[in-house]
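A short worksheet on the structure shown next.
Per chain, numbering begins at 1; letters A, B, ... match sequence-line order.
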Number of protein chains: 2
Amino acid sequence: MSSVGRPRAFDEGLVLDAAMLLFWRQGYEATSMAQLREATGLSSASLYGAFGSKEGLFTRAVEHYVSGPGSVTDVVADESLTPHQAVARLLHGSIDMQTDPTHPRGCLVALSGTLEAQDGHDTGVREVVAARRATDRTRIRAAVVRGVGWGELPEDIDTNAVTTMIHGFLLGISTQVRDGVAAQELHAAADALLRLWTPADSTAGSSTARS
Amino acid sequence: MSSVGRPRAFDEGLVLDAAMLLFWRQGYEATSMAQLREATGLSSASLYGAFGSKEGLFTRAVEHYVSGPGSVTDVVADESLTPHQAVARLLHGSIDMQTDPTHPRGCLVALSGTLEAQDGHDTGVREVVAARRATDRTRIRAAVVRGVGWGELPEDIDTNAVTTMIHGFLLGISTQVRDGVAAQELHAAADALLRLWTPADSTAGSSTARS
DNA sequence: GTAAATTCGGATCGATCAATCTAGAAGTTT
DNA sequence: AAACTTCTAGATTGATCGATCCGAATTTAC
C-alpha cells in the first residue's frame, strides 16, 4: 500500500493459500491463530497488520478460494454453453474439485458458516460464505430459466423447484465427500439428477456431456 | 444407577433437551460448558457426574435428537410402505421437521461433524453423527433396491447413483434451510427429484404422495 | 544523513476454555 | 443412626484463545 517504510517481506498469495487450506480443512472456529501463524510462517503482528483480525483473514481466504478452486462453479454462468451443459459442468466440475486429493475434500463455501453465531461476533463469517452460496443459487436459477428459454425444459416447469433441487444436491456433495463417498458414485448421481432435465425428449445426452 | 444415596434431582430428558437445542443451533465447538450450564440449570459437578465430559453430553444429546426430531427419517425403513412412498415421506418429513420454527432450523446430524478435527480430540463427535448419516444412507439404498424389486424402478438402474442423489439432496436441505429457503420451495424440489423415480411409467403420483 | 514510516519477532495481555476439586448441605437406603 | 450418593456453589487448574504491545530492523522520503 504505502510506498514509504519497510516493504512487506511475505507473498500475500502464499499466505492466503496456507490460511485457505486450514480454514477449508477445519472450518473457521476450529482454526486457531497459532495454527495460522505456523502455517503461514508469519508473526501475529504481521497477520494482524495485514488482515486486521482473524475474521478479516478468513474473508480474504474465502475470496482467495472463490477465485481459485471455488471458481469451478463459475461455469454455470457461461452463456456460451447450452443450459444443460452449464449445469452438468457445474456438478461434475464441483465433484472433481472436491474429491481432488491434493487439497482438503469438500467445498469451503458449503461447509462453513452453516451454524449460528451466538453473539453477532462471528456473523461476518457466516455472511461471507452465505453470500457466495446465494450467488451460486442465483446463477443456477438463471441457467434453469435459460433452459426453459432454449426449449430444453418445459414451459410450465417450476424453475424455483428445479433450482432448489440442483443447489441442494450440490451442497450435499461436500458432506458426502467428507464421509468418504467416491467421486465415481457422485458423478453417476449427478448424471441421474440431470436425467430429469430432459423428461420427455432427449435432445442432449446427459451422460456424454462431461468434459 | 445406584439405589442408595441421594437420588438425582434433575430430569435427564429435560437436560438432554436443552443441550440438544444448543448443539443443534450452534454446533459442538461453538457451544461452551458455561452455556450448557445455564441452559440446563445444572452445575459443572452435576453435568460431569452425569455425562462424563462435553463429548459425552454431545453423544447423549445426539441420541436424544435421533430418537426425537431426527426420527422423521426412520420412515424410509418402513417396509409396509411402497418404496416410493418411503422415500417421499423421508424427504417431505425431513423438510417439515427442519423448517419447524419451534426449534433450530436444519438437521443436527447433517450440520455437525462435517469438518476435520485437528488432533483426534474431537473425532468422537464426528463419528457419532457420521454413523447416523451412514445409517440414513444405508436405509435409502435399501429403499431404492426395494423400488427395483417392486418394479417401480428399472432393473438396470444404478442403485448407488440414485442413493447418492437422494442422500445428497437430503443433506443439502439443512444448509438451504439455514440460508432461508422456504419450506414450500424445498417440497417442490423434493417432488421434482422424485419425478425421476418413475422415469417412464407413472404408477404412483409423486406430488400426491405426501401425508 | 537524518527522520518518518512500516514490518518484523517475540513477549504478553485479559478472557475464556473444559475440566477438576472442595466443602458442606440434602436426600435415600440399610 | 450410619453409610452412601447427589446436590449447590464456587474456587481453581492448566491450557488456549484472539488480540495487542514493544523494541529492533529495514526501507523510503526529504
Side-chain angles (χ1 to χ4, degrees), chain A residues 1-16 18-19 22-23 26-61 112-113 115 117-126 128, chain B residues 1-16 18-19 22-23 26-61 112-113 115 117-126 128:
Chain A
M1 280 299 181
S2 304
S3 59
V4 47
R6 179 175 171 175
R8 209 161 262 175
F10 60 87
D11 183 331
E12 195 177 77
L14 294 179
V15 168
L16 288 176
L22 273 180
F23 286 131
Q26 307 175 344
Y28 176 77
E29 305 212 307
T31 302
S32 68
M33 289 303 300
Q35 290 178 316
L36 289 164
R37 251 178 286 141
E38 189 190 358
T40 60
L42 296 186
S43 66
S44 291
S46 298
L47 280 175
Y48 278 90
F51 305 103
S53 64
K54 185 187 175 186
E55 190 174 312
L57 176 54
F58 178 78
T59 300
R60 294 292 309 280
S112 299
L115 299 165
Q118 53 268 40
D119 55 354
H121 177 254
D122 291 341
T123 55
V125 171
R126 182 175 164 75
V128 171
Chain B
M1 282 298 184
S2 304
S3 59
V4 304
R6 179 174 176 177
R8 209 160 259 174
F10 60 87
D11 184 331
E12 196 177 75
L14 294 178
V15 169
L16 288 176
L22 273 180
F23 286 130
Q26 307 173 345
Y28 176 78
E29 305 213 308
T31 302
S32 67
M33 288 303 299
Q35 290 178 315
L36 289 164
R37 253 179 282 142
E38 189 190 359
T40 61
L42 296 186
S43 65
S44 292
S46 298
L47 278 175
Y48 278 91
F51 304 103
S53 64
K54 185 187 176 186
E55 191 174 310
L57 177 55
F58 178 78
T59 300
R60 294 292 309 279
S112 300
L115 299 166
Q118 51 267 40
D119 54 354
H121 178 253
D122 292 340
T123 55
V125 170
R126 181 177 163 76
V128 172

Note to self: Using a 4.0 Å heavy-atom cut-off to protein, can you give one letter per nucleotide of nucleotides 21-30 of chain D, 5' to 3': B if the base is in contact, S if only the sugar-phosphate is, - if neither?
What the structure shows: B---BBBSS-

Checklist line | Options D/dT6, D/dG18, C/dA18, nucleotide nearest the side-chain atoms of A/Tyr48 | finding: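 Closest nucleotide among those given: D/dG18.
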
Margin query: Quick check for you: among D/dC7, D/dG18, C/dA19, whose closest atom lies nearest to any side-chain atom of B/Ala9?
Written below: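 Selected nucleotide (nearest to the side chain): D/dC7.
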
[X] [atom1] to [N] [atom2]: how many Å, rounded?
{"X": "A/Gln35", "N": "D/dC17", "atom1": "CD", "atom2": "P", "value": "7 Å"}
{"X": "B/Phe10", "N": "D/dC7", "atom1": "CZ", "atom2": "C1'", "value": "10 Å"}
{"X": "A/Leu57", "N": "D/dC17", "atom1": "CG", "atom2": "P", "value": "15 Å"}
{"X": "B/Lys54", "N": "C/dT20", "atom1": "NZ", "atom2": "P", "value": "14 Å"}
{"X": "B/Met33", "N": "D/dG10", "atom1": "CE", "atom2": "P", "value": "17 Å"}
{"X": "B/Tyr28", "N": "C/dC17", "atom1": "OH", "atom2": "C1'", "value": "11 Å"}
{"X": "B/Glu29", "N": "C/dC17", "atom1": "CD", "atom2": "C1'", "value": "12 Å"}
{"X": "A/Leu36", "N": "D/dC17", "atom1": "CG", "atom2": "P", "value": "10 Å"}

Notebook entry, point to check: Can you tell me how far CZ of B/Arg126 sits from OG of B/Ser112, rounded to the nearest 0.5 angstrom?
Noted result: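 One finds 11.5 Å between OG of B/Ser112 and CZ of B/Arg126.
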
Item checked: Straight-line distance of B/Gln26 CD to A/Glu29 CD, nearest 0.5 Å ->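 Nearest 0.5 Å value for the CD-CD distance: 9.0 Å.
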
Side chain to side chain donor-acceptor pair (under 3.5 Å) partners for [X], two or more places apart:
{"X": "B/Arg6", "value": "none"}
{"X": "A/Glu12", "value": "A/Arg60"}
{"X": "A/Ser43", "value": "A/Ser46"}

Margin query: Using heavy-atom distances to pick each residue's nearest nucleotide on DNA chain D, tell me which of A/Ser53 and B/Ser43 is more 5'.
Written below: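 Its nucleotide being nearer the 5' end, the pick is B/Ser43.
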
Check: Closest heavy-atom contact between B/Ala19 and B/Leu57?
Finding: CB-CD1, 4.0 Å

Note to self: Could you walk me through whether A/Met33 and A/Ser44 satisfy the side-chain contact (heavy atoms from CB on, under 4.5 Å) test, starting with their C-alpha distance in whole Å, then the side-chain angles of each, then the deciding distance to 0.1 Å, before giving a yes or no?
What the structure shows: CA-CA 8 Å; A/Met33 289 303 300; A/Ser44 291; 5.9 Å; no

Note to self: Under 4.0 Å from OP1 or OP2 of D/dC7: is there any side-chain N or O of B/Ser46 that close?
What the structure shows: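 The answer is yes; a side-chain N or O of B/Ser46 sits under 4.0 Å from OP1 or OP2.
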
Check: If you write DNA chain D from 5' to 3' in dot-bracket form, with Watson-Crick or G-U pairs under 3.5 Å, [ ] for crossing pairs and | for pairs with another strand, what do you get?
Finding: ||||||||||||||||||||||||||||||

Notebook entry, point to check: Mind checking what makes side chain to side chain contact (heavy atoms under 4.5 Å, CB included) contact with A/Thr40, not counting sequence neighbours?
Noted result: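 Expected list: A/Val15, A/Ala18, A/Leu42, A/Leu47.
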
Note to self: So A/Ser32, base contact, sugar-phosphate only, or nothing? Heavy-atom distance under 4.0 Å.
What the structure shows: sugar-phosphate

Margin query: Using 30° and 60° as the class boundaries, would you call the ring planes of B/Tyr28 and B/Phe23 parallel, tilted or perpendicular?
Written below: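 The rings of B/Tyr28 and B/Phe23 lie parallel, inter-plane angle below 30°.
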
